[in-house]
Structure formats: structure tokens, C-alpha cells
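Per chain, numbering begins at 1; letters A, B, ... match sequence-line order.
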Amino acid sequence: MGGKGPADVGITVRKGDNFSEWYTQAVVKSGLADYAPVKGAIVLRPDGYSVWESVRKALDGRLSRRGVRNGFLPVLIPESLLKREGEHFAGFDPEVFWVTRAGGSEVGDRLALRPTSEALAYSMYSKWIKSWRDLPLRMNFWNTALRAEIKATKPFLRTSEFLWQEGHTAHAGREEAEAEAEAMLDVYREVSEEVLAVPVVAGRKSDAEKFVGAVYTSAIEAVMPDGKALQMGTSHFLGQNFSKAFDVRFLDRSNAERFAWQTSWGVSWRLIGAMVMVHGDDKGLVLPPRVAPVQAVLVPIYYSGEDRRAVVEAAEGAAALLEEGGVRVHVDSREEVTPGFKFHDWEMRGVPLRIEVGPRDVRSGTAAVARRTGGAKEDVPLGDMSRVGEMLEEIQAGMLEAARKRHAELSSSASTYGEIRGAAEGGGGLISAPWCGSPECERKVKDGAGAEIRVIPRGAAGEASGGEACAVCGGRARHRPVFARGY
RNA sequence: GGGGACGUAGGUUAGCAUGGCAUACUGCCAGCCUCGGGCGCUGGAGAUCGUGGGUUCAAAUCCCAUCGUUCCCA
């Protein structure tokens with residue numbers, strides 16, 4: 001007993017030593033996903049899909065309350081349609097997959113595999129929207145998008161096909177549409193922080209980084225433990241750019257013909273990647289209880305056949321109680337592996353709570369509950385498992401708190417170009433610095449320091465104070481954006 | 001956008017310089033085992049050496065191409 005075990009069953013590198021390799025191992029060995037035999041594509045396994053379903057459920061509830069309804073769009077988009085908004089098309093063209101053959105014959109109007117659905121959705125909206133009474137129109141689509149990734153693919157973060165949702169709305173007035181885009185950003189922030197326990201900065205993208213075709217783009221950005229920023233979700237105010245290109249018009253109350261004001265917004269399974277990076281440790285995943293496929297695993301421990309019966313019975317009884325209480329539980333009754341193996345296994349898979357039930361526990365009428373996030377085991381009565389639910393809540397809150405602390409540690413401010421560069425080349429992280437607003441200064445930081453403007457925070461945090469000078473040119477600063485190297 | 005590295009059993013890998021029977025561990029299967037932190041024992045199955053082509057009596061090994069993975073720097 002007590003051997004260290006084979007090196008390659010668990011994760012073989014430490015998170016702090018080789019973050020990239022650690023991430024890939026954490027994703028693959030924990031059973032979330034695996035590589036597919038297609039470049040840049042992954043296969044979601046049940047645990048990974050379950051996490052996605054939890055995210056989806058959390059989002060769907062919030063969308064539904066906002067009057068958004070789900071629909072379905074085809075994956076094929078005719079080139080002629082995609083090209084109607086020229087700037088939009090040009091932005092996506094380099095990474096579009098094209099279908100040029102259908103069975104035995106050439107396709108005249110090439111078909112794109114959707115990189116995003118604005119073109120298709122709004123060509124439909126133009127049919128459906130005729131009157132101010134048809135507005136607002138709010139729809140959401142759970143599907144996949146395809147963007148050809150030439151290199152540097154990474155599970156969940158950068159894949160050629162990814163699961164996401166894209167919401168598309170149309171409104172009668174500009175203010176209403178802008179408020180919609182803003183409200184969606186809040187929904188995303190809430191899901192990221194309250195469900196996945198990943199803190200974010202919400203705000204505007206610079207013009208250089210906005211969605212092609214949008215008037216402006218808002219986004220939530222998180223910082224990963226390696227100091228790189230990760231875009232967690234975007235919400236675009238499209239103005240009338242697309243309604244004009246796709247002819248989304250309506251008659252207002254005064255019988256005047258107007259173009260609709262639109263928004264689109266989306267989050268992808270990238271959220272799962274962020275969750276892995278932010279919370280995982282040397283042992284593997286650490287899943288926030290709200291998305292954990294299994295929230296508590298029961299491990300029966302016994303030596304003799306006699307003990308076995310009593311122990312398994314007690315474990316199953318406790319599991320039944322937990323299920324009644326709404327806890328997602330699993331009893332690990334595998335006989336071919338030892339309890340020690342099971343402990344390691346479930347830790348790698350990130351299950352928030354492990355409940356040990358052995359002969360000692362059965363005699364004392366309790367079970368030993370251990371948290372994935374550490375700390376002493378707690379004895380909980382076998383006949384009353386209500387404490388487990390509380391512990392899950394505590395873990396969820398504790399994970400967000402810990403992540404907020406690390407987020408703060410990875411945030412800094414700079415007032416000169418040299419300081420931005422020093423910070424970017426040092427530990428990285430989110431660097432708040434004054435900026436005049438010019439694309440030239442933004443460009444210089446990106447080219448020289450490798451840090452781009454990830455987001456201009458909402459509210460006071462994103463505004464430069466009276467006398468502040470642009471960190472790059474020394475001119476009058478207008479904003480305090482967050483600079484960072486990004487994924 | 002630029003530059004490296006690596007593809008051999010499910011996983012990790014030895015062998016490659018100097019061409020000549022395919023290594024090990026782990027996992028898997030069967031049986032045993034007093035299984036509270038990757039326990040131990042016995043037996044067994046598992047490989048078109050990423051793919052395609054070339055050189056050769058002979059290719060995992062040398063050459064070319066291609067696909068995939070990965071790392072670093074814009």
C-alpha cells in the first residue's frame with residue numbers, strides 16, 4: 001500500500017510548471033473531452049456535455065425571463081447572402097469553410113458552414129418583421145459555429161467547430177437595442193460569476209477589436225492563471241448596419257418606414273475552458289458545484305464481505321437521501337479498484353464532495369465528507385445529509401471568492417508605455433492604463449508589448465480622470481482600458 | 001504571420017546516429033487478495049511503427065510529400 005502509483009494515470013505536470021500541458025491533460029484525462037480525428041476538433045464526453053448543459057440551463061432560464069425564445073437555423077449559408085454585409089463578410093472570409101459540391105455536382109452559389117448566423121437570421125427577420133407590433137423580436141439559437149483555425153488550436157478555447165449560443169434581436173428604437181445589448185452583457189457576467197465562479201470585467205471593446213459589422217461590441221473578459229486574458233462572451237450593438245443590408249424594415253406608429261435596430265450576442269463552450277483553467281489544480285479539475293455532473297461521490301470502504309453489505313447499504317441509503325435533497329450523487333461501487341484509487345480518480349474529475357462510508361462510519365452512524373477544495377473532513381450523520389447541500393453552497397461561494405482574489409492579484413495599473421510593456425512581459429495579467437482613444441496608440445501597444453485592449457470597463461473604472469495623460473502618446477486620456485495578452 | 005518539436009499497443013514510451021526477430025511500464029481481460037490515499041500475486045490479449053510514395057535483398061530506422069498534435073515568438 002501507499003505507493004505513488006503510475007505517473008501517467010493522473011496528471012503528470014504541475015499547473016504552475018507547464019500550464020499549457022496541464023490544461024490539455026486536465027481536459028482529456030478527466031474525461032471532459034477528447035481529440036477528434038479532425039484538425040482542431042474535439043469530442044465532448046458525457047461529463048463535458050453535462051457541464052455545458054448546466055450552463056445552457058442557467059442561460060436559458062435567464063433568457064426566457066427576458067422574453068427570448070429559442071429557434072433553429074441551418075448550418076449552410078449561401079455565399080450570396082453572407083456577402084450582403086460587405087464588411088462583415090470580409091472579416092469572416094479568411095476562416096470560412098466552404099461547401100462547393102453537393103453529391104455529384106458543383107454548387108453554383110457556394111455554401112458556407114456558418115461562422116455566425118447574422119446573415120441568415122436577418123434575411124429571415126426581414127420576412128417576419130413588417131410592423132412596429134412585430135418588435136421587439138428576440139431569438140436565441142443553440143448550435144455550433146465553424147471557423148477554420150489554421151494553427152494553435154486548444155480544446156474549448158480555440159477549435160474549428162464550437163458549441164455556442166447566438167442571440168439575435170431586433171428593436172424599434174436605438175435606445176432599446178442598446179439597452180438590450182447591455183442587459184445581455186449582464187446576463188453573461190452573472191452566469192460566468194455565479195454559475196462558473198469565474199470573475200470577469202465587463203465593458204466595451206475598442207473599435208479595432210469589435211465584431212465586424214457591429215457599431216460597437218461589449219464583452220466580458222476573465223484573466224487566466226498564466227496572466228492571459230480570455231474573452232468569455234460578447235454582446236454587439238449592430239445599429240442598423242445589418243437591417244439595411246438585409247432589409248429588416250417595419251412601419252412605425254406614424255406609418256413611416258424604418259430600419260430595425262439590432263443586437264447579437266453569444267457565449268461558447270470556451271466558458272468551460274475558462275472554468276478548468278481558473279479552478280483546476282495539480283490534481284486535476286475542480287468543478288463548481290452548480291455545474292458539476294456529480295456533486296457528491298460516495299465511496300464505500302470495506303475489508304470483508306460482512307462489512308461490505310453493511311457499508312454498501314449505508315452508502316446507498318445516504319445516496320437516496322441526498323437525491324431526495326436534489327444533490328447529484330454517485331455511488332462508486334467498483335470492486336476492481338481500491339478506495340485510494342477512487343479518491344485520486346474523483347479528485348482528478350473535480351467532484352466537489354467525496355463521502356467516505358466505511359465500517360467505522362457505519363458503527364458511528366456518520367460519514368466522512370471531504371471537500372475537493374481542501375480542508376478537514378467533516379462527519380455528517382448518515383440519517384441526515386442536509387449538511388451536504390450547505391457544503392456545496394459554501395464551496396460554490398468559496399470558489400468565486402478565491403477566484404476574485406486571484407483576479408485582483410493578476411490586475412495591475414500602469415501609467416506609461418514602459419510600464420504596460422513591463423507588466424505584459426512580466427507576469428502579464430490585466431493592465432489598466434490611461435489611453436487617448438487613438439488607434440495608433442492602441443496599435444503601438446499591441447505591436448510593441450503584445451498587449452491589446454481587451455475591454456474598456458463600464459463605469460468609473462474605464463474612465464480616465466481629469467488630468468491623466470495617455471500612457472503612450474502623453475495626450476489627454478479619455479479612457480482607462482484593460483490591456484492584456486490574450487488567448 | 002514567423003520559428004521549433006513530436007507522431008511506435010487504449011495511454012506513456014525504448015529502439016532511429018551505423019537499415020536486419022518490436023521494448024518496457026501503465027491500462028485492458030481472467031483468477032486470487034483483510035481494498036480507510038493510486039495494494040499485491042499468477043496468467044492472457046493487445047502494434048498495417050500517423051498516412052502515401054521513394055531508395056534497398058531488407059525500412060519504425062534513410063529520402064520526399066502529406067495529415068495531425070504541440071511549444072515558443074509577432
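- Pairing partner, G36(B): none, since no Watson-Crick or wobble contact has both distances short of 3.5 Å.
- Taking atom C1' in both G36(B) and C41(B), one finds a spacing of 23 Å when rounded to whole Å.
- Atom pair Asn18(A):CG and C6(B):P shows a separation of 17 Å (rounding to whole Å applied).
- Nucleotide G1(B) forms a Watson-Crick or G-U wobble pair with C73(B), both donor-acceptor distances falling under 3.5 Å.
- If you check A74(B), U70(B), G37(B) against the side chain of Pro155(A), the one that comes closest is U70(B).
- If you take atom C1' in A47(B) and the same atom in A14(B), they sit 14 Å apart, rounded to whole Å.
- Atom P of A17(B) sits at a distance of 16 Å from the matching atom of G50(B), rounded to the whole Å.
- Under a 4.0 Å N-O distance rule, the pair Arg387(A)/Glu378(A) qualifies as a salt bridge.
- Of the candidate nucleotides G38(B), G68(B), G36(B), G68(B) has the atom nearest to the side chain of Lys39(A).
- Put simply, CZ on Phe341(A) is 13 Å from P on U26(B), counting in whole angstrom units.
- Under 4.0 angstrom from either OP1 or OP2 of G37(B) there lies no side-chain N or O belonging to Lys342(A).
- For the pair Ile11(A) CD1 and U26(B) C1', the interatomic distance rounds to 17 Å; values are reported in whole Å.
- For the pair Thr338(A) and G38(B), the criterion of a side-chain N or O lying under 4.0 Å from OP1 or OP2 is not met.
- Nucleotides U42(B) and G37(B), compared at atom C1', are 26 Å apart to the nearest Å.
- Note on Arg334(A): nothing from the nucleic acid sits closer than 4.0 angstrom, heavy atoms only.
- When rounded to the nearest whole Å, the span between CD of Glu336(A) and P of G38(B) equals 16 Å.
- Pair check for U42(B) finds A30(B); Watson-Crick or G-U wobble, both atom distances under 3.5 Å.
- C62(B) and C6(B) have their P atoms separated by 11 Å, given to the nearest Å.
- With rounding to whole Å, Phe19(A) atom CZ is found 11 Å from C72(B) atom P.
- With ring centers used as reference points, Trp52(A) lies under 6.0 Å from Trp142(A).
- Each of Gly448(A) and Pro339(A) has a nearest nucleotide on RNA chain B; the 5'-most of these lies closest to Pro339(A).
- Proximity of Thr153(A) to the phosphate of U70(B): a side-chain N or O atom is located under 4.0 Å from OP1 or OP2.
- Residue Lys228(A) contributes atom NZ, which lies 7 Å from atom P of C72(B) at whole-angstrom precision.
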(request) Given side-chain hydrogen bond (donor to acceptor under 3.5 Å, both in side chains), test Thr100(A) with Glu106(A) step by step and report yes or no. (result) CA-CA 6 Å; Thr100(A) 59; Glu106(A) 294 286 324; 4.8 Å; no

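- Put simply, the side chain of Asp345(A) and the base of G38(B) share no donor and acceptor less than 3.5 Å apart.
- The separation between Glu356(A) atom CD and G37(B) atom C1' is 9 Å, rounded to whole Å.
- Figure legend. G7(B) is base-paired to C67(B); pairs are counted as Watson-Crick or G-U wobble with both atom distances under 3.5 Å.
- Taking atom P in both G27(B) and A22(B), one finds a spacing of 26 Å when rounded to whole Å.
- If you check every strand for non-hydrogen atoms under 4.0 Å, Gly450(A) touches nothing.
- Classification of Asp281(A) and Arg372(A) as a salt-bridged pair holds, one side-chain N sitting under 4.0 Å from a carboxylate O.
- The distance from atom NZ of Lys29(A) to atom C1' of U12(B) is 8 Å, rounded to the nearest whole Å.
- In this structure, U23(B) forms no base pair with any nucleotide, since neither Watson-Crick nor G-U wobble geometry is met with both distances under 3.5 Å.
- Judged by distance alone with a 3.5 Å cut-off, no donor-acceptor contact links the side chain of Glu347(A) to the base of G38(B).
- At the heavy-atom level, Lys154(A) lies under 4.0 Å from the strands shown only through sugar-phosphate atoms.
- Within 6.0 Å of CD in Glu425(A) there are more than 12 heavy atoms belonging to other residues, nucleotides or ligands.
- Using a 3.5 Å distance cut-off with no hydrogens or angles, the side chains of Asn241(A) and Glu85(A) do not pair a donor with an acceptor.
- A 3.5 Å limit on both hydrogen-bonding distances identifies no Watson-Crick or G-U partner for U48(B).
- Remark: the backbone N or O of Ala296(A) is not paired with any side-chain donor or acceptor of Arg354(A) at under 3.5 angstrom.
- C62(B): Watson-Crick or G-U partner is G54(B), with both key distances under 3.5 Å.
- At the heavy-atom level, Val299(A) lies nowhere under 4.0 Å from the strands shown.
- A distance of about 15 Å separates the P atoms of C67(B) and G52(B), rounded to the whole Å.
- For Arg485(A), the side-chain atoms get nearest to A74(B) when compared with the rest of U69(B), G37(B), A74(B).
- Take the nearest nucleotide of RNA chain B for Asp447(A) and for Gly358(A): the residue whose nucleotide is more 5' is Gly358(A).
- Separation of the P atoms belonging to G7(B) and A60(B) is 15 Å when rounded to the nearest angstrom.
- In this structure a side-chain-to-backbone donor-acceptor pair under 3.5 Å is present from Arg147(A) to Pro115(A).
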